[in-house]
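Report on the structure given below.
As the structure lists them, so they are numbered: ligands from 1, and atoms in each ligand from 1.
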Amino acid sequence: MPSVAIVGATGAVGQAFERVLHQRRFPANEYRLLASERSAGQSVAWCGQDLTVSALTHQSFAGIDIAFFSAGGSISREFAPVAVKAGAVVIDNSSAFRMDADVPLIVPEINPQAVSGHSGIIANPNCSTIIMVLPIWPLHLTNTVRRVNVCTYQAASGAGARALAELESQTRLVLEGGEPQPGVFPVPCAFNVFSHNSALNEDGHNYEESKMVAETRKIFGNGSIGIAATCMRVPVPRAHLEAVSVEFADAIDPAAARETLERAPGVRVIDDRQAGRFPTSRDATGIDEVLVGRIRRDPSIPGDRGLQFICAGDQLLKGAALNAVQIAELLIA
Ligand SMILES: NC(=O)c1ccc[n+]([C@@H]2O[C@H](COP(=O)([O-])OP(=O)(O)OC[C@H]3O[C@@H](n4cnc5c(N)ncnc54)[C@H](OP(=O)(O)O)[C@@H]3O)[C@@H](O)[C@H]2O)c1
């Protein structure tokens, strides 16, 4: 059984790791919980035990076989090579290595075969990318995707544990008549919808949007798919919802697409027009599947080649910890 390190164990993704590893009975010999100096010595309930968090150092990885990293890109850039040198395989949740040629970028339902090509580091895709590509992939297998247009409605906890706390405290403040001030986000997040907080590129896209474009092409192994993404934050605690329009090479029948999605691994269709039941971020919170609904023709695409739908997924589970643990399961299979 592997010895496992969790870098960033006290964070939003770190805590989701505990739930996923525990639920899936991941066969670990030892868990080593690592975080910053601030958390060193803290006791954390972990897979049925009380474990003590240690401060991350260059000596943290002796005897570790698998290291899950979720402490931000700069920590991954400094410490992932250290972990690999100590003999571990790193599964990284940051964007530090995702586009490196020798780093597989894996969604296990899509490209599990890529796991054999690693040189010590495997990257977990961006959360919005995973939630979007999971339903698109089975459709792409039957009818080649030419272009995707996506708008995201992303939860506050996508920016970490402090952002979630900020949403809660600002919401209380506003309800009590107060005026919220920007904190983690550049604008108040309570009762507000705003452009994703990642930095803007020179061309006006933010970094989250650029990640969705480049990562989808890498995961699909198809550099010619056109992708237009607009990423937004909404004042919900958890789970991202996305509105997607896909242009295919050939005509697509929405009823047949729905049947394909109903059979797709990791996807659950909620699409009851009569009852008005469609995916919500609340439904998606705390579950493993990506929910899909509002499946319909996109009338703006000629030749009946367009399909619209919405999808919602827990960005801390399938968008981060669950996908990473599924990658680890491929490694030890
Ligand atoms: N949140 C999401 O939905 C999501 C989804 C996919 C990917 N990710 C990625 O996952 C990573 C973590 O995100 P998060 O949302 O979990 O953030 P978070 O809630 O802010 O947690 C950050 C974690 O990193 C640790 N950390 C910070 N500075 C450190 C240092 N100098 N040395 C060692 N550990 C340090 C923190 O430890 P302390 O508690 O001691 O400060 C904490 O455990 C990021 O790269 C993020 O982009 C996040």
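Remark: side-chain polar atoms of S157 are not paired, donor with acceptor, to backbone N or O of G160 under 3.5 angstrom. Put simply, the side chain of N143 gets close to the backbone of A251: a donor and an acceptor are under 3.5 Å apart.
Counting heavy atoms closer than 4.0 Å to ligand 1, residue L56 contributes side-chain atoms (C-beta onward) but none from N, CA, C or O. Only the side chain of I75 comes within 4.0 Å of ligand 1, counting heavy atoms alone; its backbone N, CA, C and O stay farther away. Residue contacts with ligand 1 for S157 involve N, CA, C or O but no side-chain atom from C-beta outward (heavy atoms, distance under 4.0 Å).
Scanning the protein for heavy atoms near atom 15 (O) of ligand 1, the closest one is G160 CA, 3.1 Å. Protein heavy atom closest to atom 28 (N) of ligand 1, with residue, atom name and distance, is R38 NH2, 3.7 Å. At the top of the distance list for atom 21 (O) of ligand 1, counting protein heavy atoms only, stands G11 CA, 3.2 Å. Among all non-hydrogen protein atoms, the one lying nearest atom 3 (O) of ligand 1 is Q315 CG, 3.0 Å. S70 O, 3.2 Å is the protein heavy atom nearest to atom 12 (C) of ligand 1.
With distances taken over non-hydrogen atoms, the option nearest atom 33 (C) of ligand 1 out of G72, A71, A35 is A35.
Considering backbone and side-chain atoms alike, A12 places an N or O below 3.5 Å from some N or O of ligand 1. The shortest N/O to N/O separation between V13 and ligand 1 falls below 3.5 Å. For the pair G8 and ligand 1, the shortest N or O to N or O distance falls below 3.5 Å.
Against a heavy-atom cut-off of under 4.0 Å, G319 is close to the following atoms of ligand 1: 6 (C). The S39 neighbourhood of ligand 1 comprises atoms 38 (P), 39 (O), 40 (O), with distances under 4.0 Å to a heavy atom of that residue. Each of the atoms 45 (O) of ligand 1 lies under 4.0 Å from some heavy atom of S94. Residue-ligand proximity, A161 to ligand 1, at heavy-atom distances under 4.0 Å covers atoms 18 (P), 19 (O). Remark: ligand 1 atoms within the under-4.0 Å shell around heavy atoms of T10 are 36 (C), 37 (O), 38 (P), 39 (O), 40 (O), 42 (C), 43 (O). Shown in contact with A320 at under 4.0 Å from a heavy atom are these atoms of ligand 1, numbered in order with element: 5 (C), 6 (C). Interface of N93 with ligand 1, defined as ligand atoms under 4.0 Å from a residue heavy atom, comprises 7 (C), 9 (C), 10 (O).
Looking at I252 and D304, their side chains never come closer than 4.5 Å, going by heavy atoms from C-beta outward.
Within the 4.0 angstrom cut-off, atom 30 (C) of ligand 1 has one or more protein heavy-atom neighbours.
From I91, atom CD1 reaches atom CG of L331 across 5.0 Å, with rounding to the nearest 0.5 Å. Atom-to-atom distance recorded for L307:CG and E247:CD is 12.0 Å, nearest 0.5 angstrom. With rounding to the nearest 0.5 angstrom, the CD atom of E208 is 8.0 Å from the CG atom of N197.
R233 forms no cation-pi arrangement with F194, by the criterion of a distance under 6.0 Å to the ring centre and an angle within 45° of the ring axis.
Scanning both residues, V292 and F309, for their nearest heavy atoms gives CG1-CD1, 3.8 Å.
Residue pairs satisfying the ring pair (Phe, Tyr, Trp, His ring centres under 6.0 Å) criterion with at least one member in residues 220-247, sequence neighbours excluded, are listed as follows: W137-F220, H140-F220.
The aromatic rings of F26 and F68 sit perpendicular to each other, their planes meeting at more than 60°, with 30° as the lower class boundary.
Among residues two or more places apart in sequence or in another chain, the side-chain hydrogen bond (donor to acceptor under 3.5 Å, both in side chains) test is passed with Q15 by none.
With a 6.0 Å radius and a threshold of 12 heavy atoms from other residues, nucleotides or ligands, R273 has its CZ atom at or below the threshold.
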